[in-house]
**Q** 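Attaching a single structure in C-alpha cells format; questions to follow.
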Protein chains: 2
Amino acid sequence: MLSHDHKKCINKSINLAHKIANSKAAKLTPQRLQVLRILLAGHKALGAYDILEIMREQQSEGQSRPQPPTVYRALEFLLNLNLIHKVESQNSYYACMIEKDVNEQHLAQAFICDNCGNVEEKIAETGARNLYEKADSFGFKIEHVIMECRGICASCQLV
Amino acid sequence: MLSHDHKKCINKSINLAHKIANSKAAKLTPQRLQVLRILLAGHKALGAYDILEIMREQQSEGQSRPQPPTVYRALEFLLNLNLIHKVESQNSYYACMIEKDVNEQHLAQAFICDNCGNVEEKIAETGARNLYEKADSFGFKIEHVIMECRGICASCQLV
DNA sequence: TATACAAATGTTATATTATAACATTGGGAA
DNA sequence: TTCCCAATGTTATAATATAACATTTGTATA
Ligand SMILES: [Zn+2]
Ligand SMILES: [Zn+2]
Ligand SMILES: [Zn+2]
Ligand SMILES: [Zn+2]
C-alpha cells in the first residue's frame, strides 16, 4: 500500500490536523504532534507502548523520559479530534487516512492485515446506513460504531 | 429486553451448546458450562474478572479457588465454538443470542447499551455483504469481522 | 489390568494495557 | 504582577491477559 507519495500524504495530514485543531481551539502541542507523526510514519497500527518506545528513541537532550500517561494523553487528544482511530480488537492506534474537510465526520471501517500490520481505512456508507436503520428498528440510539475487518491484505496474499 | 421467557431462552442455548460441542467432538466440561451459564444468566457482557468473581461465589466445598487462566481458557473454548462473543471495545464477553442451527455461521452485530450494559445481538446481512464487497475491491481477504454499536438502549432512553 | 498418552485443569508468576492521583510548569487574562 | 488553568511530569497501581510448568483425569491400547 505504499504505492503513493507518502511524504505528501504525511504533510497533507499534518496540515489538516493543524486546521482541525485550530477550528476547535484545541492545541496541537509538540508532544501531541510527535505522536501523530509517529503514527503517520506508516499506515500501520501501533500499540501505546510501541509509541512510547519510539518517543523515547526520539528523545533529545534535556527532555525527560516519557511515561505511559504521556502517550495515553496524546492519544486521547488525537482520538477526540478524530485524527487517529483505535483498533479495538488489538489495542492499537493508527492515523486517520481519510481525506476530509475540517468538521467533516466519517464513520471509519478499518481493514487490518494480520500479517504485515497495514491498515486500510475506508468510509462506511451503506454498511453504516444499515446499522443505523437496524438500531432504529428497536429504538437503540447509536453513539459510536466500531467496524473492523481482520484478515490478509492483497500483497501479503501473494507471498 | 427481558420481555421474553428467559429460562426457556437459557435452556435452548444450553441444548444448542451441547449439540454444537458434540458435532465438533469438543467437550463442554462442567467448568466451561459454568462460564456459559454465568454469561447466559443475563443478556449482558461481563469482563473476565467479573466472571471469575462469580465462579468464586459459586464455588462449592472442596473445589479449588479459580484463577484467571481458568476463566480465559473457558472463554477461549466458548469463543471458538461461537457460543459467546467478545465485545472488543470493552473487553467483555456475552453469550450468543442468535437462534441458529448446529454448523450455521453468523456474523454478529452487537448493540451495547452504555447505561445498563445490555447487549442486543443481530445478524449482519447487508452490512456484511457491503464489507466483503469493499474488501474484494482491493484484494483484502477477510478472516474476522468486528461490528459493535455503543449507545443507549430503548428502555434506558425513557429514563 | 497395567501403561501410556493427551486433554483438561491447577498453580504461580508475570506480561500487557491503561488510569489514578498528585506535583510542577508555563502561558495568557485580569 | 498575580492568578488561573491547561499541559506536562512523576509515581504508583489498576485492569486485562498469558506464559510456563505441575497435576489430574479419562481413555486407548498393549
Ligand atoms: Zn478516519
Ligand atoms: Zn499485509
Ligand atoms: Zn452470536
Ligand atoms: Zn439499556
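Naming convention: chains lettered A, B, ... in sequence-line order (proteins, then strands); numbering from 1 in each chain.
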**Q** Quick one: which of D:dT11, C:dT9, C:dA18 gets closest to the side chain of A:Gln67?
**A** D:dT11

**Q** Can a side chain N or O of B:Tyr72 be found less than 4.0 Å away from OP1 or OP2 on D:dT18?
**A**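 No, B:Tyr72 has no side-chain N/O under 4.0 Å of OP1/OP2 on D:dT18.
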
**Q** Identify whether any heavy atom of A:Pro69 sits under 4.0 Å from a base atom; if not, whether one sits that close to sugar-phosphate; answer base, sugar-phosphate or nothing.
**A**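 The residue A:Pro69 makes base contact.
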
**Q** How about CD on A:Glu53, more than 12 heavy atoms from neighbouring residues, nucleotides or ligands closer than 6.0 Å, or not?
**A** no

**Q** Would you mind checking if B:Glu143 and B:Lys141 are paired as a salt bridge, meaning a charged N to carboxylate O distance below 4.0 Å?
**A** yes

**Q** Grab the CG-P distance between B:Asn80 and C:dA8 for me, whole Å please.
**A** 11 Å

**Q** Can you check the B:Arg56 CZ to C:dT11 P distance for me, whole Å?
**A**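 To the nearest whole Å, that distance equals 11 Å.
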
**Q** Salt-bridge test for B:Arg150 and B:Glu148: reply yes if a basic N is under 4.0 Å from a carboxylate O, no otherwise.
**A**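 Looking at B:Arg150 and B:Glu148, the cut-off is not met.
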
**Q** Specify the separation, in whole Å, of atom CZ of A:Arg73 and atom P of D:dA7.
**A** 11 Å

**Q** Does a side-chain N or O of A:Asn91 approach OP1 or OP2 of C:dA18 to a distance below 4.0 Å, or not?
**A** yes

**Q** Does B:Gln31 make a side-chain N or O approach to OP1 or OP2 of C:dG10 shorter than 4.0 Å?
**A**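 Result: yes.
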
**Q** What is the distance, to the nearest angstrom, from the CD atom on B:Gln90 to the C1' atom on C:dT17?
**A** 16 Å

**Q** Under 4.0 Å: is that the gap between some side-chain N or O of A:Tyr93 and OP1 or OP2 of C:dT17?
**A**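 No, outside the criterion.
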
**Q** Could you state the CD-P distance from A:Glu88 to C:dT17, rounded to the nearest angstrom?
**A** 14 Å

**Q** Select base, sugar-phosphate, or nothing to describe what A:Phe77 touches, counting heavy atoms under 4.0 Å on all strands.
**A**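 Nothing: the residue A:Phe77, judged by heavy atoms under 4.0 Å, touches no strand.
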
**Q** Compare side-chain N and O positions of B:Ser64 against OP1 and OP2 of C:dG10 and report whether any pair is under 4.0 Å apart.
**A**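 Checking C:dG10 against B:Ser64, a side-chain N or O does come within under 4.0 Å of OP1 or OP2.
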
**Q** Please check the phosphate of D:dT27 (OP1 and OP2 only) for any side-chain N or O of B:Lys27 closer than 4.0 Å.
**A** no

**Q** Would you state whether a donor and an acceptor, one from the side chain of B:Tyr49 and one from the base of D:dA14, lie under 3.5 Å apart?
**A** no

